[in-house]
Amino acid sequence: MKVLVGFFRKEIIALLRDPVLMIAILIMPVVQMVLLSGAITFQADNLRLVMRHTPNDTIMETIYRNAVGSGFFVPVADKYTNPVDAVQSGAADVAIVAPDGGFTRALVRGDGQLQILIDSMNILKAHSIEAYLRGIITKTLSDVSGDNLQNPLGFNVRILFNPQLNTKFFMVPSMVAILVFLALLILISVSITKEKETGTMETLISAPISKYHIVFGKVIPYVVVSFVVMLGIVVAGMLLFHVPFVGSQFMFLLSFLVFCVPACGVGVWLSTYTHTQQQAMLGLIIVAFLSLMLSGAIISTENMPVVLRWISYINPLSHYSFLVRNIMLKGPDWGYFVRHASAMCGVGGVIWLIALKRFKTTL
């Protein structure tokens, strides 16, 4: 019994002497619970809506006001000639197109039909959009007519980019982004921390090389390894699950290289706080888990509280997962790429400045 008590005291004292481990074990779970309880929701809100109709079409204007007033939809400026382009560019989640001559006149003729174009990048969101709009439009027409709508109403729903609503089309691109991020984070941070733990970092520091040689000598090989990992995931997804690849392969490669800027910076930055591989793995779990949950790779970020939504905007994994998914399934234009690539480069530059400043070359 005394032996067990001795070991117990030894481990508790060792834990108390390790502030990084203490924070990881005692404080971070509480922080994660608070953040993720507010972040994780499967309700679709803030859905971006574009409405295309003729002027003075009173019923369409009423439908639009009711949709926005429901709290599920937010208005988006219709600056595109073709409503499909609004959804293609990512500016809108759904577009409603009235028939030529106006929806009000079509109802009077008895052939009212609306075309609903839905972006299916997120399967849960696509299902919610159709259900919300059917309910809002049916109720609006019932209120306008004063009865249960005698004239026939038809919905021509087009699910764009994933007509079968195949969950694998959503998950495979998400897993590409997630696994590339994890590979870079684990390989870089653990590799640098291992040098500290085994004492070989002292040999590297004493050599006539700068800290930039040490850091980039550690980073570049693992970028190549992560690139191979990414190719393997993409090829497996295309062969096994028949996930399409409709975008530019060159844009896809550039997206990976741009994402390596912030992802590698996070790995180096994390290694400056850890001295053992155990600490590195705990730090990885914390950083990777929070980055994943606030990235939109699996759970939509539009429904999160405003504070968490802003965090997701500066999360590099958010921008990379959007790029991978859109390049594989949509084929976006270069303007979309530049918008997300600029965000990743900006955040990555800040992370690298902090990481290199903290990286010590003295014993």
Side-chain angles (χ1 to χ4, degrees), residues 84-85 87-94 117-127 129-130 157-188 220-264 288 291-293 295-301 315-341 343-344:
V84 176
D85 294 336
V87 181
Q88 168 84 27
S89 66
D93 296 310
V94 57
L117 309 175
I118 300 176
D119 185 349
S120 62
M121 292 292 98
N122 186 314
I123 307 300
L124 293 174
K125 187 187 293 185
H127 281 298
I129 289 172
E130 183 176 357
V157 180
R158 291 179 58 192
I159 306 295
L160 303 179
F161 316 118
N162 185 6
Q164 296 80 24
L165 290 177
N166 190 333
T167 306
K168 295 179 179 62
F169 285 17
F170 173 78
M171 287 304 301
V172 169
S174 296
M175 293 309 298
V176 170
I178 292 168
L179 294 178
V180 166
F181 181 60
L182 290 177
L184 288 168
L185 216 59
I186 292 172
L187 292 171
I188 292 172
I220 294 174
Y222 296 126
V223 169
V224 177
V225 172
S226 299
F227 178 72
V228 175
V229 170
M230 180 194 69
L231 288 182
I233 301 168
V234 172
V235 171
M238 294 175 66
L239 294 179
L240 298 178
F241 304 117
H242 308 291
V243 178
F245 194 112
V246 301
S248 166
Q249 297 177 3
F250 181 62
M251 185 186 294
F252 192 75
L253 173 60
L254 280 182
S255 300
F256 167 78
L257 294 176
V258 172
F259 177 65
C260 285
V261 175
C264 294
S291 298
L292 172 59
M293 291 296 104
S295 68
I298 296 178
I299 300 169
S300 178
T301 58
N315 181 3
L317 185 57
S318 297
H319 298 281
Y320 185 51
S321 62
F322 292 157
L323 276 174
V324 171
R325 191 179 301 136
N326 279 269
I327 292 172
M328 291 186 69
L329 302 181
K330 280 187 180 181
D333 57 22
W334 283 99
Y336 184 87
F337 168 82
V338 170
R339 186 162 67 249
H340 289 284
M344 287 192 289

Sole residue of Val324, Val229, Leu231 in side chain to side chain contact (heavy atoms under 4.5 Å, CB included) with Val176: Val324
Closest heavy-atom pair and its distance - Val246, Gly331: CG2-N, 3.7 Å
Minimum heavy-atom distance between Ser255 and Ile327, given as atom pair plus value: OG-CD1, 3.4 Å
CG-OG distance between Asp333 and Ser248, expressed to the nearest 0.5 angstrom: 11.5 Å
Point-to-point distance, once rounded to the nearest 0.5 Å, from CG of Asp93 to CG of Leu117: 12.5 Å
Donor-acceptor under 3.5 Å (Ser295 side chain, Leu292 main chain): yes
OG on Ser321 to CG on Asn326, rounded to 0.5 Å: 9.5 Å
Phe169 and Pro244, any side-chain heavy atoms less than 4.5 Å apart: yes
Contact summary for Met175 and Ile233, nearest pair of heavy atoms: O-CD1, 4.3 Å
Close side-chain approach of Asp119 to Leu160, heavy-atom, < 4.5 Å: no
Heavy-atom side-chain contact between Phe256 and Ser226 under 4.5 Å: yes
Shortest non-hydrogen contact between Gly237 and Val172, atoms and distance: CA-CG1, 3.9 Å
Leu257 side, atom CG; Phe227 side, atom CZ - distance, nearest 0.5 Å: 7.5 Å
Phe245 and Phe252 aromatic ring geometry - parallel, tilted or perpendicular at 30°/60° bounds: perpendicular
Minimum heavy-atom distance Leu185-Ala263, with the two atoms named: CD1-O, 4.0 Å
Parallel, tilted or perpendicular, as decided by the 30° and 60° cut-offs, for the rings of Phe322 and His340: perpendicular
Within-4.5 Å side-chain heavy-atom neighbours: Leu329 and Val243: yes
pair His319-Val258: side-chain heavy atoms closer than 4.5 Å: no
Where Cys260 and Val223 come nearest, the two heavy atoms and their spacing: SG-CG1, 3.8 Å
Inter-residue atom distance Arg339.CZ - Met344.CE, 0.5 Å rounding: 12.0 Å
Backbone N/O of Val87 and side chain of Lys330: donor-acceptor pair under 3.5 Å: yes
Any side-chain heavy-atom pair of Phe259 and Leu317 under 4.5 Å: yes
